[in-house]
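Worksheet: the structure to be examined is printed underneath.
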Amino acid sequence: MNIAIVCAALLGLLLFGLGLNVSMQRRKNQRSIGHDVSPVDPLHRAVRAHANTAEYAPFFAVLFLWYATKPAPMWIVATIVLATIARFALAGGLLFGPSLNRANPARYFGALFTYICGLALAAGLLVT
């Protein structure tokens with residue numbers, strides 16, 4: 001199976017899993033709309049993790065699927081895998097870090113490599 005397609009599927013599972021988590025948190029907290037703005041509120045964290053993923057996962061999926069249509073250089077495949085790991089790390093850092101108003105290693109790694117990998121894959125369209 002093509003690694004780019006597997007990674008696109010993993011991003012889809014992440015996005016929809018995080019959406020389900022928001023719904024479960026809303027039910028648990030009996031909040032159908034909005035959330036407490038506390039940086040440690042589980043619903044707020046769930047909403048931020050889902051929203052952040054929704055901002056980046058679709059374009060990553062487009063890039064991944066584009067590269068899946070033809071043989072991609074190994075650096076592209078490695079970047080796709082790293083980008084997928086970065087997105088999971090960022091979501092984990094938002095959900096499980098000590099607070100949303102403090103950076104943690106998972107969030108830092110996830111954000112940094114989201115930008116690096118996104119820029120590299122987008123630029124790669126121009127040269128592949």
Side-chain angles (χ1 to χ4, degrees):
M1 183 171 283
N2 187 303
I3 291 173
I5 291 173
V6 170
C7 288
L10 289 172
L11 288 183
L13 291 171
L14 177 64
L15 178 64
F16 290 106
L18 290 170
L20 177 62
N21 182 47
V22 169
S23 295
M24 292 180 352
Q25 287 292 329
R26 287 195 181 287
R27 182 177 179 145
K28 179 180 176 184
N29 293 291
Q30 299 179 351
R31 292 263 332 229
S32 62
I33 193 165
H35 53 78
D36 185 354
V37 296
S38 166
V40 295
D41 177 56
L43 177 55
H44 185 178
R45 295 161 76 98
V47 167
R48 287 308 319 137
H50 179 257
N52 188 278
T53 299
E55 292 169 357
Y56 290 94
F59 197 76
F60 269 127
V62 168
L63 289 169
F64 294 0
L65 294 173
W66 168 258
Y67 287 117
T69 63
K70 60 181 133 207
M74 187 51 81
W75 75 268
I76 292 285
V77 175
T79 304
I80 287 170
V81 170
L82 184 57
T84 304
I85 292 167
R87 295 311 308 159
F88 274 85
L90 184 68
L94 290 170
L95 290 173
F96 306 115
S99 174
L100 290 180
N101 61 358
R102 275 188 247 117
N104 63 60
R107 280 179 69 185
Y108 181 81
F109 169 86
L112 178 64
F113 283 95
T114 289
Y115 299 134
I116 291 171
C117 293
L119 289 168
L121 291 171
L125 292 176
L126 299 173
V127 296
T128 58

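Atom set for the values below is all heavy atoms of this structure, side chains included, hydrogens, waters and symmetry mates excluded. Counting begins at 1 with the first residue of the sequence.
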- Under 4.5 Å between any side-chain heavy atoms of Phe88 and Leu10, yes or no? yes

- Task: Check Ala72 against Ile76 and note the closest heavy-atom contact, atom names and distance.
- Result: CB-CG2, 3.8 Å

- Message: The test is side-chain contact (heavy atoms from CB on, under 4.5 Å); show your working for Thr84 and Phe64 and say whether it passes.
- Response: CA-CA 10 Å; Thr84 304; Phe64 294 0; 3.4 Å; yes

- Taking every heavy atom of Arg107 against every heavy atom of Asn101, the minimum-distance pair comes out as NH1-N, 4.5 Å

- Task: Identify the two heavy atoms, one from Ala68 and one from Ile5, that lie closest to each other, and give their separation to 0.1 Å.
- Result: CB-CG1, 3.7 Å

- Query: Can you list the steps and then say if Arg102 with Ser99 is a side-chain contact (heavy atoms from CB on, under 4.5 Å)?
  - Reply: CA-CA 6 Å; Arg102 275 188 247 117; Ser99 174; 4.2 Å; yes

- At their closest point, which heavy atom of Ala120 faces which heavy atom of Trp75, and how far apart are they? O-CH2, 3.7 Å

- Item | Gap separating the CG atom of Leu112 from the CG atom of Leu90, nearest 0.5 angstrom | 11.0 Å

- Note on the structure: Heavy-atom closest pair (Ala91 atom, Leu18 atom, distance to 0.1 Å) is CB-CD1, 4.0 Å

- Passing candidate, side-chain contact (heavy atoms from CB on, under 4.5 Å) with Tyr67, options Thr79, Val62, Leu125: Leu125

- Please round to the nearest 0.5 Å and tell me the distance separating atom SG of Cys7 and atom CG of Leu63. 12.5 Å

- Message: Run the side-chain contact (heavy atoms from CB on, under 4.5 Å) test on Asn21 and His50 for me, step by step, so that the C-alpha distance in whole Å, both residues' side-chain angles and the decisive distance to 0.1 Å come before the verdict.
- Response: CA-CA 9 Å; Asn21 182 47; His50 179 257; over 6 Å; no

- Hey, does Tyr56 have a side-chain heavy atom less than 4.5 Å from the side chain of Leu11? no

- According to a 4.5 Å side-chain heavy-atom criterion applied to Ile, Leu, Val, Met, Phe, Trp and Tyr, with indirect links allowed, do Met74 and Trp66 form part of one hydrophobic cluster? no

- Side-chain (Arg48) to main-chain (Leu43) donor-acceptor, under 3.5 angstrom: no

- Item | Over 12 foreign heavy atoms within 6.0 Å of CD1, Ile3 | no

- Item | Rounded distance (nearest 0.5 Å) linking atom CZ of Arg87 with atom CG of Leu82 | 12.0 Å

- Item | Check: Arg45 side chain, Leu95 main-chain N or O, donor-acceptor pair, under 3.5 Å | yes

- Query: Do the non-hydrogen side-chain atoms of Phe113 and Ile85 ever get within less than 4.5 Å of each other?
  - Reply: no

- Does any N or O in the side chain of Asn104 come within less than 3.5 Å of the main-chain N or O of Gly93, such that one atom is a donor and the other an acceptor? yes

- Would you say Leu119 and Phe59 are hydrophobically clustered, going by side-chain heavy atoms of ILVMFWY under 4.5 Å? no

- Message: If you apply the rule side-chain contact (heavy atoms from CB on, under 4.5 Å), what do you find for Phe60 with Leu121, and how did you get there?
- Response: CA-CA 9 Å; Phe60 269 127; Leu121 291 171; 4.1 Å; yes

